[in-house]
Amino acid sequence: MSNQQSYAQQLAAVFRTEFNQEPTLLVRGPGRINLLGEHTDYNGGLVLPASIDKEIIFALAPRPDRMCRMVAENVGQMFSGTLDEISPSPLGWPNYLLGVVDELQKAGYQPGGFDLVFGGNIPSGAGLSSSAALECGLAFGLNKLFDLGLSTLEMVKLGQRAENLFVGVNCGIMDQFASMFGREQSVIQLDCKSLHHEYFPFQSADYVLILCDTGVKHSLDDSAYNTRRQECETGVGILQQYKPEIRLLRDATTELVDAHRAEMPGKVYQRCRYVTEEIQRVRKACQYLLENDLAAFGKKMYETHHGLQHEYEVSCTELDFLVDQTRDDDAVLGARMMGGGFGGCTLNLVARDVTDAFVARMSQAYSKAFNIELKSYPVRITDGTSVLLI
Ligand code: GLA
């Protein structure tokens, strides 16, 4: 039996003990990685994420009343409340779920009461979007359980609204989209303006993806994210004076940004330049995937890191150190910081037959430099949110 199956059975057993009945539905909601296209989603640009084998599993059953009871297996806590009065919980984790219920109801859907046990293996604080996995998994589960008739895209948007409005995190659409629309051995090229998406093959017998977790999360994180968004908007405001059709940085080119450099505050110019270049990188890198040229793809990862470090300025010492460690390593085709920044993981494209040695080298160097034990996670690209059959 796979680890996933035995964990799902364990959750089902907790469900029976807590609620005295069988779960009627099991769902898996995966976390995500992003190969390229960082900080482009809220600029309407292109991203290249994938859903992975780090996931949250949900065991659910409907209730005859208006209660919802939710057990977080990993932390051993229960939340219980009524659908008629939804307000943020000081426990923290229920808010991702309550936000989904709240947004469903605000959109005119009528889910009934439910019991839920959930848990999983997404390392928290590593930037793998456990929050999107929670939101998407529950939206998907309630949609099935109560036959609400939401499309996949509606569930994605609802998950994002839950995060923006109920949890209060001003994220773009990438994480929820990846968690829902992921496909095995593929990356999703998502156009965050039109929401058109296309799959590109990402499979290799010789190379694997490994995350190296800095184990740090520097504060300033949220405020820096919001400042970056504002800086991009300032850039758009300046470019708009010349080209009114520009609504998002995605509508601008690097050449246009360069042409108006003198009118932009230095930081605004840097941010705009990075974003316009990064969108081009995603396009180019997808061609490399079609040509099966992972070496060229890996170079783009290093370029993205360079942009995030020096132009967008969302990296940190620990992330830069981990990326620098790989630069002269023949086993590594590409490496970069991943996600919002200021901590979390680097993503590494590493030769399959020497991954153990790679991990050992990285761990040793990291603990010597920072006295922190490096956690590494090999990741496999899987399908997005789906019903789990055991
Ligand atoms: C966080 C957000 C995403 C995206 C990334 C940066 O993960 O949740 O929407 O903006 O940062 O690419």
Side-chain angles (χ1 to χ4, degrees), residues 29-52 54 95-96 99 122-136 156-182 187-193 195 197 211 213-214 217-218 220-233 248-250 271-272 274-279 281-282 285 300-301 303-305 307-309 311-316 319 336-347 379:
R32 65 101 189 89
I33 51 172
N34 185 24
L35 279 296
L36 285 175
E38 213 66 91
H39 286 276
T40 50
D41 62 350
Y42 53 83
N43 287 302
L46 301 180
V47 292
L48 200 62
S51 50
I52 55 172
K54 302 276 174 278
N95 295 332
Y96 300 95
I122 306 182
S124 72
L128 304 184
S129 293
S130 51
S131 53
L134 271 177
E135 291 147 2
C136 293
V156 167
K157 290 181 178 171
L158 194 128
Q160 188 197 7
R161 284 204 302 279
E163 178 106 17
N164 292 165
L165 304 175
F166 200 86
V167 181
V169 174
N170 202 12
C171 64
I173 200 166
M174 170 172 72
D175 303 344
Q176 288 79 12
F177 200 99
S179 184
M180 275 290 187
F181 277 96
V187 289
I188 312 166
Q189 190 202 79
L190 170 66
D191 179 327
C192 297
K193 187 179 178 191
L195 296 185
H197 72 285
L211 292 162
D213 188 347
T214 59
K217 198 77 206 144
H218 294 294
L220 271 183
D221 187 18
D222 279 356
S223 69
Y225 188 85
N226 291 331
T227 314
R228 294 300 175 280
R229 292 185 71 139
Q230 276 159 21
E231 287 165 338
C232 292
E233 281 166 26
L248 295 156
L249 264 189
R250 159 341 157 11
R271 311 306 186 226
C272 294
Y274 163 78
V275 171
T276 52
E277 283 184 330
E278 179 71 354
I279 294 170
R281 261 194 290 278
V282 175
K300 292 283 164 207
M301 295 172 73
E303 283 175 32
T304 292
H305 187 79
L308 290 167
Q309 181 180 359
E311 295 184 315
Y312 217 67
E313 296 180 296
V314 289
S315 189
C316 63
L319 288 165
R336 70 174 194 86
M337 58 148 281
M338 195 188 76
F342 303 102
C345 291
T346 63
L347 180 63
V379 285

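Atoms within each ligand, like the ligands themselves, are counted from 1 in listed order.
With ring centers used as reference points, Y274 lies 6.0 Å or more from H39.
Listed by atom number, the atoms of ligand 1 under 4.0 Å from D41 heavy atoms are 3 (C), 4 (C), 9 (O), 10 (O). Near M174, with a cut-off below 4.0 Å to any heavy atom, the atoms of ligand 1 are 4 (C), 5 (C), 12 (O). Taking every non-hydrogen atom of C171 and a distance limit under 4.0 Å, the qualifying atoms of ligand 1 come out as 2 (C), 8 (O), 9 (O). For ligand 1, the atoms closer than 4.0 angstrom to any heavy atom of G172 are 9 (O). Counting atoms of ligand 1 from 1 in the listed order, those under 4.0 Å from a heavy atom of Y42 are 10 (O).
N43 and C232 make their closest contact through OD1-CB, 3.2 Å (heavy atoms, listed as atom of the first residue, atom of the second, distance). Nearest approach of Q176 to C136, heavy atoms of both residues: O-SG, 3.5 Å. Heavy atoms only, all atoms of each residue included: S131 and Y96 are closest at CB-CE2, 3.3 Å.
Using a 4.0 Å heavy-atom cutoff, R229 is absent from the residues neighbouring ligand 1.
Here E303 contributes atom CD and L308 contributes atom CG; the two are 12.0 Å apart, rounded to the nearest 0.5 Å.
Protein heavy atom closest to atom 10 (O) of ligand 1, with residue, atom name and distance, is Y225 OH, 2.6 Å. What sits closest to atom 7 (O) of ligand 1 on the protein, heavy atoms only, is R32 NH2, 3.1 Å. In terms of protein heavy-atom proximity, atom 8 (O) of ligand 1 is closest to D175 OD2, 2.6 Å.
Considering both main-chain and side-chain atoms, E38 comes within under 3.5 Å of ligand 1 through a nitrogen or oxygen pair. Not a single N or O atom of T40, backbone or side chain, sits closer than 3.5 Å to an N or O atom of ligand 1.
Using a 3.5 Å distance cut-off with no hydrogens or angles, the side chains of N34 and E38 do pair a donor with an acceptor. There is no side-chain donor-acceptor pair under 3.5 Å between R336 and T346.
Evaluated for a side chain to side chain contact (heavy atoms under 4.5 Å, CB included) with L190, the options D41, L46, V282, L195 yield exactly one hit, L195.
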